[in-house]
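Numbers restart at 1 for each chain; the letters A, B, ... are given by sequence-line order, proteins then strands.
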Number of protein chains: 2
Amino acid sequence: MRDVATHAKVSAMTVSRVLKGDPKVAEATRQRVLGAVDALGYRRNETARRLRVGGSGMIGLVVTNLANPFYSRLALGVQEAAYEHGLRVLLSNSAEQVDREKGLVEDLAASQVDGMIVVPAGGSHRHLAPAALRGIPIVLASRPPGGMEADCVLVDDFGGAQAATSRLIEDGHRRIGFLGNPPALYTGAERFRGYWAAHEEARLEPDERHVRRGPTDVATAERAALDLLRDPDAPTALFCTNNRLTQGAIRALRTLDVPVSLAGFDDFDLADVLGLPLTIVSYDADEIGRRAGRMLIDRISAGAGADLPARRSTVPTEVIRYGTQPS
Amino acid sequence: MRDVATHAKVSAMTVSRVLKGDPKVAEATRQRVLGAVDALGYRRNETARRLRVGGSGMIGLVVTNLANPFYSRLALGVQEAAYEHGLRVLLSNSAEQVDREKGLVEDLAASQVDGMIVVPAGGSHRHLAPAALRGIPIVLASRPPGGMEADCVLVDDFGGAQAATSRLIEDGHRRIGFLGNPPALYTGAERFRGYWAAHEEARLEPDERHVRRGPTDVATAERAALDLLRDPDAPTALFCTNNRLTQGAIRALRTLDVPVSLAGFDDFDLADVLGLPLTIVSYDADEIGRRAGRMLIDRISAGAGADLPARRSTVPTEVIRYGTQPS
DNA sequence: CTGTTAGCGCCTTCAG
DNA sequence: CTGAAGGCGCTAACAG
């Protein structure tokens, strides 16, 4: 910056003012400075600037698994919101490991991020509170805060699961199996509640033998589905709580070649060309990111002082049907 | 930091030393400082530290489309390499827009990133050279530098396309259509070359009427495929240059219900359960990111002075076959 | 082993 | 409208 100042025959202060767009600079001076900036290819050092003005112009984002299209879209939504406000995004991946998540959050705090968005890996979020305590705003995505107060953006897990299950019941299914994440996972629990509520609403009761709450990936889901479907009293339809489990179920159906209807959370490519009766709970993953981003930015601009109450936003779901639905 | 120093009854300098792990600090002092750090919940200000020591401990990553699983995996690979070396990743999405990419790169440069990895959106990369000129190391991913020298990591586009096409020829196909990106895209051009080379090798010549080099997304690919397949002299197989085009072709096949063999670049979920004869060129997208990350870190640690020659690394491909292959 | 001095590059404050 | 002084929080380099 000194170089630019010398080159333009002004003081460093004037250069600083021009760069910030201060109107109290004579047009001629401004042009001269801009010329020098251009000639020298100068770019202001953000690190130094941030040291002086505080903050960092960055927000942190921690997701559990960037390879899952769901989270990469979420990240894209966050990017979008951040970009609109001139913020940069520091992205990291916790790989579902709570201690790694903890380390990443500390790192972000040390990097002076202006705020962070976290998809929490575990059930307990006490290690996320310190971020808030040190005054760094935090927004949780996909899963609500456990044991702390914080803003969060969720999906209508309950409503979506209930709606999809109801559609299966309307189709005449009376034995609907459940393939879901362990109950410890918030989404798994909520979606199970929805599945159950749809039954109650129709004055039915799910058969516990047709409920599997262990599988977490394609392979385990496939095994669980095979197991369910080989039962002499097998379900005529299955509800799966996420895209990987649905894919496991699809593999099982291919193997057995039985006419079972499938419902599941999360839309996926080519769902329509499989030729299977498929009921999908779809929602806009980008939107979760956008909302979380905006919520965070709100809180950042509110300032550390303002103690707004923790807010919660829920992204709606939509039921889509692929293939023909036999009853 | 001063607070910690006071609390531990030492100077700020000693605190600094403890935090950096300097062994020339008495164990007793160290414990006292650590105690104070803990008591006050202190964390060193990275911004200030970086201003002093130079660099930023961050690398920038610009991809064209994070929603494409290919790029999110690439990002994951970069994360991995960065994490191993204690670097943070500043991620942004250019949405295939060259001017946006340019802005993002400037931003990254201003943020003092230690280096950056870019998946270039356009054909000309002159705007990326300045980054290098200002001494910021840069590595290109997926596409080679155009009009400048730079490190890059590529996929074996040519070899993969050639291998897949050869397999179709071995199966007895003599009329193989081509569905590809515009030739302006490096990958599109290379994959076309591979397709062509496989024909030459077998002393065949592709029929130009069966070559479509315009489509860029699922919808346009579907239309192009329909057009090709409705020809009285229609091809008996199609080679598609990426996952979106392959999906478009799959839709076309579903519509027409003709027994055409498909080959394409990029593996995708459920490819095996479609029940179609499918020849896929697969490769490890994470690996591209990892290599790019390591290459960048190499160059960063080599220092700005060392003028290593530009290096180039190519990730291998593998041909996978799904479904039965009629001839 | 520990403390002092000085300055990284910028911007806020206060004088011209 | 422009400049000079001072300091953001940290750490190299040099004392002690």
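One interatomic measurement links the two molecules: CD of A:Glu46 to P of D:dC8, which rounds to 20 Å at whole-angstrom precision. Atom CE of B:Met13 and atom C1' of C:dT2 are 10 Å apart (whole Å). Taking atom CG on B:Leu19 and atom P on D:dT11, their separation rounds to 7 Å, with Å as the unit.
Residue B:Arg17 places a side-chain atom within donor-acceptor reach of the base of C:dG3, judged by atom type and a 3.5 Å distance cut-off alone.
At the phosphate of D:dG3, OP1 or OP2 sits under 4.0 Å from a side-chain N or O atom of A:Thr14. A sub-4.0 Å separation between OP1 or OP2 of C:dT4 and a side-chain N or O of B:Ser11 is absent. At least one side-chain nitrogen or oxygen of A:Ser16 sits closer than 4.0 Å to the OP1 or OP2 atom of C:dC11.
With A:Ile138 as the fixed residue, the side-chain contact (heavy atoms from CB on, under 4.5 Å) test singles out one of A:Leu128, A:Asp151, A:Leu296: A:Leu128.
The side chain of A:Ala26 lies closest to D:dC1 when the candidates are D:dC1, D:dC10, C:dT12. You'll find that the side chain of A:Arg49 is closest to C:dC11, out of C:dT13, C:dC11, C:dG9.
Among the protein residues, A:Thr47 comes within range of no part of the nucleic acid, since none of its heavy atoms lies under 4.0 Å from any strand.
A cation-pi geometry, defined here as NZ or CZ lying under 6.0 Å from the six-membered ring centre and within 45° of its normal, holds between A:Arg100 and B:Tyr83.
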